[in-house]
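Numbering of ligands and ligand atoms starts at 1, following listing order.
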Amino acid sequence: MAEIQITKKEGYALLTIDRPKALNALNKDVLTELKAAISELNSAGDIRVVIVTGSGEKAFVAGADIASMKDMTADEATAFAELGHSAMNRLSDSGMVSIAAINGFALGGGMELALACDIRLLSENAKMGLPEVTLGLIPGFGGTQRLARIVGQGVATELILTGDMIDASRARELGLANHVYAPGDLLNEAEALAQKIIANKSRPAQRAAKAVIQQGLDLALIAGLQKEIIEFGELFDGPDPKTGMTAFLEKRKADF
Ligand code: CAA
């Protein structure tokens, strides 16, 4: 793949958007490759965590590709937004845990890619923002919906209507960044988190937890709680609860 690099490790993979000349901006080709890469990793079966990052030291992803959008018709823009949404949804809905390792600018569609990930780690020099209104646009790859779900309606409205960029410490305060690291430590920390997520943890339990957390955000509390009961019970159709609880009672770590 030309503009997406995949490096597979033990149980996890690094997915790098590799278009540094345009600060890794997302055009149609990159989005199409991104979708294919996510599907490939998800169906490989042995990849439980995907770390998404950007090539170079300056940017995670500086947004959707402005040059390629400038002359779009309304129909073309709609199709482009649909393509972006389908790439973000494929990541968000995948059975893998996704970690965004944000190594610089994450703007517009780049911030939206980070919002579609389950966990966001930022380098100290990262900057996030949705500057679309300065271009006569609105966020088109899910930002209007996902940002408000993470930081709340008031903060999301302010960030989207001003187009302001925020730094890593503000992102941390808002709950947008799970952790902030020195630039040289970011990828090592992302890999350490991937390994921690994998080690001695039940994959079916993690998949069920991710699904219930995500789906629950779109449901009334009572319906989300009901979903939790169903998923809790269904895990007992598989071997992992017995494996995990037997290991606990025998005072050792589970080997799932
Ligand atoms: N699309 C296309 N090209 C981009 C780009 C983008 N989103 N962001 C940067 N580039 C290109 C620049 O045009 C420049 O190319 P040339 O060298 O050929 O001139 C190159 O990357 C380097 O960028 P700068 O010279 O601008 O670098 P800088 O350090 O001065 O500024 C920056 C960095 C603040 C990130 C600035 O590049 C910038 O503001 N980029 C645009 C950010 C943006 O507005 N993103 C939102 C896009 S719209 C969107 O994403 C819609 C959606 O939701 C679907």
Could you walk me through whether Leu26 and Val61 pass the side-chain contact (heavy atoms from CB on, under 4.5 Å) test, one step at a time? CA-CA 7 Å; Leu26 304 171; Val61 169; 3.7 Å; yes

Check: residues 125-146 side-chain donor-acceptor pairs under 3.5 Å, at least two apart:
{"from": "Asn125", "atom 1": "OD1", "to": "Ser123", "atom 2": "OG", "distance (Å)": "2.2"}
{"from": "Thr134", "atom 1": "OG1", "to": "Pro131", "atom 2": "O", "distance (Å)": "2.6"}
{"from": "Arg146", "atom 1": "NH2", "to": "Asn89", "atom 2": "OD1", "distance (Å)": "2.8"}

All N/O donor-acceptor pairs, side-chain side in residues 198-209, below 3.5 Å, sequence neighbours left out:
{"from": "Asn200", "atom 1": "ND2", "to": "Ala254", "atom 2": "O", "distance (Å)": "2.8"}
{"from": "Lys201", "atom 1": "NZ", "to": "Lys196", "atom 2": "O", "distance (Å)": "2.5"}
{"from": "Lys201", "atom 1": "NZ", "to": "Ala199", "atom 2": "O", "distance (Å)": "2.8"}
{"from": "Ser202", "atom 1": "OG", "to": "Ala205", "atom 2": "N", "distance (Å)": "3.1"}
{"from": "Ser202", "atom 1": "OG", "to": "Asp240", "atom 2": "OD2", "distance (Å)": "2.7"}
{"from": "Arg203", "atom 1": "NH1", "to": "Gly45", "atom 2": "O", "distance (Å)": "2.5"}
{"from": "Arg203", "atom 1": "NH2", "to": "Ile47", "atom 2": "O", "distance (Å)": "3.2"}
{"from": "Gln206", "atom 1": "OE1", "to": "Arg48", "atom 2": "NH2", "distance (Å)": "2.7"}
{"from": "Gln206", "atom 1": "NE2", "to": "Ile197", "atom 2": "O", "distance (Å)": "2.6"}

Got a sec: does the CG of Leu249 have more than 12 other heavy atoms crowding it under 6.0 Å? yes

What residues come within 4.0 Å of ligand 1, counting heavy atoms only? Lys21, Ala22, Leu23, Ala25, Lys58, Ala62, Gly63, Ala64, Asp65, Ile66, Met69, Phe105, Leu107, Gly108, Gly109, Glu112, Pro131, Glu132, Leu135, Pro139, Gly140, Phe141

Shared-cluster residues of Phe256, by chain and number - hydrophobic side chains joined below 4.5 Å: none

Run the numbers on Phe105 and Met165 for side-chain contact (heavy atoms from CB on, under 4.5 Å), then give the verdict. CA-CA 9 Å; Phe105 291 108; Met165 264 191 234; 3.9 Å; yes

